[in-house]
Amino acid sequence: KLTYLPNFVSTADFIPDFNPGQYFLYIGRLSSEKGIFTLIRAFMKIRSKQCDLLIVGDGPIRNELERYAEKDQRIHFTGYLSGNSLKKATQNARAVIVPSEWYENAPLSVLEALSFGKPVLGANIGGIPEMIDEDNIGYLFKSGDVDDLKDKMELMLTMSDKKIILMGKAGRNKVEKEYNPNLHFDGLMKIYKEVVFTT
């Protein structure tokens with residue numbers, strides 16, 4: 001038997017910045033299954049020069065990605081970031097994008113983005129759609145679909161700052177209520193008790 005227990009984060013470790021920045025942000029491993037080529041292709045279709053794409057992380061296809069994106073000066077690769085550098089990169093983003101093309105369970109990157117008060121654009125695959133309430137804290141797009149992702153990114157670009165701020169606050173509130181350490185602990189204790197009394 002399987003029991004689902006969501007991940008959790010301590011929001012006390014994340015200082016939100018609800019003001020929308022001027023770039024989209026990807027954070028994670030640079031490998032094929034993460035959908036980064038789809039992300040870059042979608043971004044390259046956006047004509048606006050008023051936004052950038054920041055790709056944070058490292059991995060086996062980094063060089064290939066950089067060569068592919070080198071003609072678009074709006075796309076920036078930072079390499080691996082941690083600590084204060086990673087915090088600032090997230091706080092200053094307009095939205096965080098999770099373009100996975102494999103079955104993620106419940107990515108911590110989604111919870112961390114929401115904790116920082118940032119809307120999330122997530123691929124409609126695996127456990128990601130269970131974490132994103134559409135038009136409330138972010139949007140879903142078909143995994144691997146360049147045009148669908150482009151449309152969602154353009155939606156975020158044309159959206160008012162007020163709407164983005166409201167989405168960021170709703171995301172932060174969702175994490176505080178549904179993905180907090182106390183709730184996780186209670187769920188874990190419930191599972192332990194059920195196992196003990198049924199074996």
Side-chain angles (χ1 to χ4, degrees), residues 4-29 34-36 39 42-43 51-57 78 81-143 148-149 152-153 155-157 159-188:
Y4 168 64
L5 181 64
N7 286 324
F8 72 93
V9 293
S10 175
T11 51
D13 298 331
F14 299 86
I15 300 173
D17 186 338
F18 301 111
N19 294 310
Q22 295 301 313
Y23 60 82
F24 293 107
L25 176 66
Y26 168 85
I27 304 173
R29 179 173 167 79
K34 293 295 188 177
I36 313 167
L39 170 59
F43 182 78
C51 69
D52 289 355
L53 172 61
L54 195 64
I55 297 176
V56 175
T78 70
L81 295 180
S82 63
N84 198 49
S85 296
L86 181 60
K87 179 183 75 172
K88 287 185 176 180
T90 310
Q91 287 175 322
N92 294 326
R94 189 172 194 85
V96 173
I97 303 179
V98 183
S100 292
E101 294 175 7
W102 74 320
Y103 290 89
E104 304 271 6
N105 290 320
L108 279 173
S109 57
V110 173
L111 297 182
E112 291 172 354
L114 298 176
S115 296
F116 276 119
K118 298 301 167 181
V120 176
L121 302 181
N124 194 354
I125 192 171
I128 296 173
E130 298 176 22
M131 307 172 74
I132 299 175
D133 308 325
E134 286 214 84
D135 200 36
N136 182 39
I137 65 173
Y139 294 96
L140 298 170
F141 59 91
K142 184 178 180 182
S143 179
D148 195 12
L149 175 51
K152 297 304 189 300
M153 295 168 80
L155 176 61
M156 294 300 299
L157 287 175
M159 190 176 291
S160 70
D161 287 358
K162 181 179 180 181
K163 171 67 173 175
I164 292 178
I165 289 170
L166 289 174
M167 293 179 78
K169 289 181 176 180
R172 170 78 180 201
N173 186 58
K174 180 181 177 72
V175 175
E176 290 176 347
K177 288 186 174 180
E178 300 180 22
Y179 297 94
N180 64 70
N182 292 335
L183 199 61
H184 184 88
F185 178 80
D186 291 343
L188 188 60

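Since the structure is predicted, the reported quantities are computational estimates derived from the model, not experimental observations.
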Within the supplied structure, the quantity of interest is the number of heavy atoms (other residues, nucleotides, ligands) at a distance under 6.0 Å from Ile15 CD1; does it exceed 12?
no
Determine yes or no for a side-chain-to-main-chain donor-acceptor pair under 3.5 angstrom, with Ser143 supplying the side chain and Ser100 the backbone.
yes
For the pair Tyr23 (side chain) and Ala89 (backbone), establish whether a donor and an acceptor sit closer than 3.5 Å, ignoring hydrogens and angles.
yes
Does Leu25 form a side chain to side chain contact (heavy atoms under 4.5 Å, CB included) with Thr90? I'd like the steps, not just the answer.
CA-CA 7 Å; Leu25 176 66; Thr90 310; 3.8 Å; yes
Walk me through it: do Phe116 and Arg172 pass the test side chain to side chain contact (heavy atoms under 4.5 Å, CB included)?
CA-CA 7 Å; Phe116 276 119; Arg172 170 78 180 201; over 6 Å; no
Side chain proximity check, Leu114 to Phe14, heavy atoms < 4.5 angstrom
no
Atom OH of Tyr4 and atom CD of Glu130: how far apart are they, to the nearest 0.5 Å?
5.5 Å
Tell me, do Ile125 and Glu104 make a side-chain contact under 4.5 Å, heavy atoms counted?
no
Could you state the interatomic distance from NZ (Lys87) to CG (Asn92), rounded to the nearest 0.5 Å?
10.5 Å
Quick one: pull up OG in Ser10 and CG in Asn182 and give me the separation to the nearest 0.5 Å.
9.5 Å
Report yes or no: does Lys142 contribute a side-chain atom to a donor-acceptor pair with the main-chain N or O of Asn124 at less than 3.5 Å?
no
So Tyr26 and Ser109, do their side chains get closer than 4.5 Å, heavy atoms only?
no
In terms of heavy-atom contacts, Pro16 and Ser115 come closest through CB-O, 3.8 Å
Check whether Asn7 reaches the backbone of Ala106 with its side chain - one donor and one acceptor, N or O, closer than 3.5 Å.
yes
Is any side-chain heavy atom of Met156 less than 4.5 Å from a side-chain heavy atom of Leu121?
yes
Any idea which heavy atoms bring Gly126 and Pro129 closest together, and the distance?
O-CD, 3.5 Å
Which distance, rounded to the nearest 0.5 Å, do you find between the CG of Leu54 and the CD of Gln22?
13.0 Å
Looking only at atom types and distance, does a side-chain atom of Asn173 sit under 3.5 Å from a main-chain N or O of Lys169, one as donor and one as acceptor?
no
For the pair Asp161 and Asn19, evaluate side chain to side chain contact (heavy atoms under 4.5 Å, CB included) and give the outcome as yes or no after the intermediate values.
CA-CA 7 Å; Asp161 287 358; Asn19 294 310; over 6 Å; no
Could you tell me whether the side chain of Ile97 reaches within less than 4.5 Å of the side chain of Met153, counting heavy atoms only?
yes
Passes salt bridge (Lys or Arg N to Asp or Glu O under 4.0 Å), Lys163 versus Asp135? Steps please.
CA-CA 10 Å; Lys163 171 67 173 175; Asp135 200 36; 3.6 Å; yes
Do any N or O atoms from the side chain of Lys174 and from the backbone of Ile137 form a donor-acceptor pair under 3.5 angstrom?
no
Using modelled atom types only, decide if a donor and an acceptor are shared between the side chain of Glu134 and the backbone of Leu140 within a distance under 3.5 Å.
yes
Closest non-hydrogen atom pair between Pro107 and Ile128, with its separation:
CG-CG1, 3.9 Å
State, yes or no, whether a side-chain contact exists between Met131 and Pro6 at a heavy-atom distance under 4.5 Å.
no
When rounded to the nearest 0.5 angstrom, what is the spacing between CZ in Phe8 and CG in Leu108?
9.0 Å
When rounded to the nearest 0.5 Å, the distance separating CD1 of Ile55 from CD1 of Ile36 is 6.5 Å
Min side-chain heavy-atom separation Lys118-Phe18 under 4.5 Å
no
Please examine the side chains of Phe43 and Cys51, heavy atoms only from C-beta on, and report whether any two atoms are closer than 4.5 Å.
yes
Can you tell me if Arg94 uses its side chain to pair, donor with acceptor, with the backbone of Ile164 under 3.5 Å?
no
Nearest heavy-atom contact between Pro181 and Val9 is CD-O, 3.5 Å
